[in-house]
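Structure first, then comments.
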Amino acid sequence: MLDLKFIRANTELVRQAIINKNEKADLGAILALDDKRRKLQFDFDTLKATQNQVSQQIALKKKNKEDAGELIEQMGSVSEQLKAMSTELAEVEKELEAALLWLPNVPHPEVPIGRDESFNRFVREWGSKPDYDFIPKEHPEVAAQNNLLDMQRGAKITGSGFPVYTGLGANLERALINFMLTFHQQKHGYEEVAVPFIVNRKTMTGTGQLPKLENDMYRIDEEDFFLIPTAEVPITNLYSDEILPLGKLPVKLVGYTPCFRREAGSYGKDTKGLQRVHQFNKVEMVRFVHPDESYAVLEEMVGNAEAILQALGLHYRVVELCTADLSFASARTYDIEVWAPGAGRYLEVSSVSNFEDFQARRAGIRFRDTDGKVRFVHTLNGSGLATPRTMIALLETYQQADGSIAIPEALKPWLNIVV
RNA sequence: GGAGAUGUGUCCGAGCUGGUUGAAGGAGCACGAUUGGAAAUCGUGUAAACGUUUAAUAAGCGUUUCUAGGGUUCGAACCCCUACAUCUCCGCCA
């Protein structure tokens, strides 16, 4: 959410952001509602001030055993007026709030402006595409040869896009999660949290998934709960509606959760194996930092995610998303794409974003600055990493001529069976 | 699911026979004094949001906020109703 004062002062900037992000928020309506709200607020406050004054007079008269009947009678109509006004004010505020929730964050000035992913900016790459003296297979085939995956039975018990990992596949999956969680704790100083996988509507709104993405999520109607699409949601909201003392910052958390995505509207796209699934595992890094530090921290977090791929010996590249690819809440995002030799393409395994104070304002996450003033923190998060495409890259990169797969050294301590 | 208790500021904790109570007291924190330095002690200060005013995100003024939402009343932290959360006991179940 953006600050109304900011919107008033930077209307053009906000208007441009909506266009560049391909959003359709109604800025004009917001400004009109804001105007209306302020007028109502003023009228209400003025009348309420009168009521408060007279109420004191009544109290005084009663104390002195004088007759206050006349004043009380006067206030009867004022009281009714106030009730009507507050109702109207509440309605306008509600409308305004609802409209405001559809307003996207403003991209950082350096973000490339573009209408689709072809405008994304290449940042750097690590390693190189490996050579094979055989034709590398795609991961479903490698998985089949080693009995790692059972997509058919997953589809049977739930539906398509719900993978079942079997044997070494399940071991590998668990090893990846353990490896990543431990790595971020020991090498990067994150504190681990284990959080609920189901959250309520307020939480889902706080990080910006709602109202826009309601149809992309699995929901539980009875309680109005949602299955989380990413650990970002529960972890970032951990400190919602709180004012953090100075010493609490920076907050540096890492957590594992499964992620649930309906992926509405993407049927038929990237359907092969683990490329696009409805449930997957992810280790997520979340940081709450002082506004002055957030862009330095953004770079650092990209490095944290890269370190995982480097430890696994997987070739990747880093790209910066252009305005059209930038998510609703993000001000600046880097994607990390790992190379999949069998598929012959790069796959997104991590997205690292700085939301500045956009989520903090929605969720009410603030801190007390050195000057005693209360400010919104800046929130950031990044996958470190999502497992399915990491697994794809792993299987395709480490496949051997005989069809078996090698295990990178970094993962071996986390596998409980001898390969 | 059944019975009961509770829900106040950063935290603990009064107030709950309705009228200067944004809210006693304490802790914490900040600043100052004391000290060679520190502890202890003493003093001072210590909410946020919105509106208005303003060059000002300074001071001022107004309004709101005692879990949330309704109600009663001229007026509610205090009375009534509902929801939610926490705790205790019982039942049920991994």
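To find a chain, count down the sequence lines: A is the first, B the second, and so on, and within it residues start at 1.
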query: For A:Phe328, is the NZ or CZ atom of A:Lys212 found under 6.0 angstrom from the centre of its six-membered ring and inside 45 degrees of the ring axis?
result: no

field: A:Arg375 vs A:Gln56, nearer the 5' end of RNA chain B by closest nucleotide
entry: A:Gln56

- prompt: Using the C1' atom in both, what is the distance from B:G13 to B:A24, to the nearest Å?
  reply: 10 Å

- prompt: Is A:Arg8 touching bases, backbone alone, or none of the nucleic acid, heavy atoms closer than 4.0 Å?
  reply: sugar-phosphate

field: Presence of A:Asn52 side-chain N/O under 4.0 Å of B:U63 phosphate oxygens OP1/OP2
entry: yes

- request: Would you indicate what A:Ile58 reaches in the nucleic acid, counting non-hydrogen atoms under 4.0 angstrom: base, sugar-phosphate, or nothing?
  value: base

query: Reckon A:Thr46 has a side-chain N or O less than 4.0 Å from the OP1 or OP2 of B:G62?
result: no

- request: Using both distances under 3.5 Å as the test, list the Watson-Crick or G-U wobble partner of B:A83, or none.
  value: B:U67

- line: Heavy-atom nearest nucleotide on RNA chain B taken for A:Glu73 and for A:Val374; more 5' hit belongs to A:Val374

- prompt: If pairing requires Watson-Crick or G-U wobble contacts with both distances under 3.5 Å, which nucleotide is the partner of B:U46?
  reply: B:G28

- prompt: At under 4.0 Å, does any side-chain N or O of A:Arg37 touch on OP1 or OP2 of B:G51?
  reply: yes

query: Using a cut-off of 4.0 Å on non-hydrogen atoms, how would the nucleic acid contact of A:Lys5 be classed: base, sugar-phosphate, or nothing?
result: sugar-phosphate

- prompt: Heavy atoms under 4.0 Å, any strand shown: does A:Lys83 hit a base, just sugar-phosphate, or nothing?
  reply: sugar-phosphate

- prompt: Does a nitrogen or oxygen in the side chain of A:Lys48 sit under 4.0 Å from OP1 or OP2 of B:U64?
  reply: yes

task: Could you tell me whether a side-chain N or O of A:Arg332 sits under 3.5 Å from a main-chain N or O of A:Glu320, the two making a donor and an acceptor?
output: no

- prompt: At under 4.0 Å, does any side-chain N or O of A:Arg368 touch on OP1 or OP2 of B:A48?
  reply: yes

message: Please classify the nucleic acid contact of A:Glu242 as base, sugar-phosphate, or nothing, using heavy-atom distances under 4.0 Å.
response: nothing

